[in-house]
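The sequence lines fix the lettering, A, B, ..., with proteins before strands; numbering per chain opens at 1. Bear in mind the structure is a predicted one, so any value in this text is a computation, not a measurement.
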Number of protein chains: 2
Amino acid sequence: MSTSRGPGRRPGSPDTRAAILDSARGLFAERGLKGTTIRAVASEAGVDPALVHHYFGAKDDLFLAALEIKVDPRQVMAPVIAAGVEAAGENLMRVVLRVWDDPEIRLSLLAIVRGVFDREGQRMVRDGFLGIVLGPVGRGLGLDRADERMVFVASQVFGLIMLRYVLEVEPLASMPADLVISTYAPTLQGYFTDDLPS
Amino acid sequence: MSTSRGPGRRPGSPDTRAAILDSARGLFAERGLKGTTIRAVASEAGVDPALVHHYFGAKDDLFLAALEIKVDPRQVMAPVIAAGVEAAGENLMRVVLRVWDDPEIRLSLLAIVRGVFDREGQRMVRDGFLGIVLGPVGRGLGLDRADERMVFVASQVFGLIMLRYVLEVEPLASMPADLVISTYAPTLQGYFTDDLPS
DNA sequence: GTCTATAAATCGATAGAC
DNA sequence: GTCTATCGATTTATAGAC
């Protein structure tokens, strides 16, 4: 599908490159950064280990490439902010479930969550997930004590993600999305709008 | 401090052995199993790497030794069950905070949580934390749809632990225990006793 | 583009001297 | 009990042939 015939060939066959990236995403999501070897990525993709370096460079570069998400967090969260604080709990839950139930997005998100415990990824979730994703929501909704409220919200969302998608604990993992939403929406709504203890 | 003079010397000087174990617990809690090397444990303890094997055998044995907790989960949870379902939310929160705010216990618990993402430790938390710690609570309180309710409870407790003790997200990490308890107790109480969506 | 061969570093584990 | 020396296995990464 190359659109240019001129000199300077595009680096790598698209099929092989995509196969390596898919294999890497799955293994990083399942075993984390340290638990995944270049050899395992190459083996599952059916190519030579040297090709992985040829296409993606060092192991860390491959990891970063596997973390690329196909959604813009700010764009996804914008409707939640726009809809106002009165229904923020349910709206946020709908967004979370919709993003995480997308199998392709989920692999990248799982790799990110797993990466938290390997690298200095603590910052990636603390500054990324909270600062970029949930921080603007708290400010956009005009909450009082926004930092506290959003941390409470984050703790419930993160715990749900861990049990449903990472640890796959039943009956939560197999629960229909609607039931999950209607269960957790009141909790989040409480953190958004209820009076906070002093 | 040896109490026996007879033959068969006790294996290892208590000081050195304890130093290795403390170093291992801290590193396992901070970097997980794969991220911790025998050499790093020995270096931080100020001893030779060979001594680690001498005292604890293989690396997995050292990891298991570092996971030893000084509390019996069933014993800690018994009062929560005995106090009844009407105050289970607050009582459970008190237990969680008391155990996790103990610095010595926390290191072992952190090592366990970190270990989840290395080994097949998924089972250790899924069957251990849920099956042993929270499972009996749900049954002991005589809840209807106990499995669902306890998974909801677990998701909030686990998320709180992750943000407060593992990721150390502010302002939750520095929040006084009483404020944390009074914030999350109503949420847990709701999962215990509120009507569940169908 | 793909693969062989190998360099270079790291780690777990053991044997054995003191 | 403690440490030196080292083996053997893995892994990342590179150089270069085809």
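Scanning for salt bridge (Lys or Arg N to Asp or Glu O under 4.0 Å) contacts around B/Asp101 gives B/Arg106, B/Arg164, with sequence neighbours left out. The side chain to side chain contact (heavy atoms under 4.5 Å, CB included) search around B/Ala65 returns B/Leu21, B/Phe56, not counting sequence neighbours.
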Each nucleotide of nucleotides 12-18 of chain C classed B (base within 4.0 Å of a protein heavy atom), S (only sugar-phosphate) or -, in 5' to 3' order, makes BBB----

Quick one, B/Tyr184 with A/Phe152, criterion ring-ring contact (aromatic ring centres under 6.0 Å, His included). Give me CA distance, side-chain angles, the key distance, then yes/no. CA-CA 8 Å; B/Tyr184 286 99; A/Phe152 299 149; 5.5 Å; yes

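Taking the side chain of B/Tyr55 as heavy atoms from C-beta on, and the options C/dT2, D/dG1, D/dC3, the nearest nucleotide is D/dG1.
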Taking only distance into account, with no hydrogens and no angle test, what donor-acceptor pairs under 3.5 Å do side-chain atoms of residues 91-100 of chain B form with protein atoms, sequence neighbours excluded?
| unit_1 | atom_1 | unit_2 | atom_2 | d |
| --- | --- | --- | --- | --- |
| B/Asn91 | ND2 | B/Ala87 | O | 3.1 |
| B/Arg94 | NE | B/Glu90 | OE2 | 3.4 |
| B/Arg94 | NH2 | B/Glu90 | OE2 | 2.6 |

All N/O donor-acceptor pairs, side-chain side in residues 143-150 of chain A, below 3.5 Å, sequence neighbours left out:
| unit_1 | atom_1 | unit_2 | atom_2 | d |
| --- | --- | --- | --- | --- |
| A/Asp144 | OD1 | A/Arg149 | NE | 3.4 |
| A/Asp144 | OD1 | A/Arg149 | NH2 | 3.3 |
| A/Arg145 | NE | A/Glu148 | OE2 | 3.0 |
| A/Arg145 | NH2 | A/Glu148 | OE1 | 3.0 |
| A/Arg145 | NH2 | A/Pro197 | O | 3.3 |
| A/Arg149 | NE | A/Asp144 | O | 2.9 |
| A/Arg149 | NH1 | A/Tyr191 | O | 3.0 |
| A/Arg149 | NH1 | A/Phe192 | O | 3.1 |
| A/Arg149 | NH1 | A/Asp194 | O | 2.9 |
| A/Arg149 | NH2 | A/Asp194 | O | 3.1 |

Could you go through residues 36-43 of chain B and list every donor-acceptor pair under 3.5 Å that involves a side-chain atom there, pairing it with any protein atom two or more places apart or in another chain?
| unit_1 | atom_1 | unit_2 | atom_2 | d |
| --- | --- | --- | --- | --- |
| B/Thr36 | OG1 | B/Leu27 | O | 3.1 |
| B/Thr36 | OG1 | B/Gly32 | O | 2.7 |
| B/Thr37 | OG1 | B/Ala40 | N | 3.0 |

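Atoms CG (A/Asp48) and P (D/dA13) sit 15 Å apart, rounded to a whole Å. Between the CG atom of B/Leu51 and the P atom of D/dA5 there is a distance of 15 Å, rounded to whole Å.
The side chain of B/Thr16 contributes no N or O atom lying less than 4.0 Å from OP1 or OP2 of D/dG1.
The list of ring-ring contact (aromatic ring centres under 6.0 Å, His included) pairs with a residue in residues 72-92 of chain B, not counting sequence neighbours, is empty. Pairs of residues two or more places apart, or lying in two chains, never qualify as side-chain hydrogen bond (donor to acceptor under 3.5 Å, both in side chains) while including a residue from residues 66-75 of chain A.
From one end of the helix from C/dG1-D/dC18 to C/dC18-D/dG1 to the other, with five pairs defining each end axis, the axis direction shifts by 0° (rounded to 10°).
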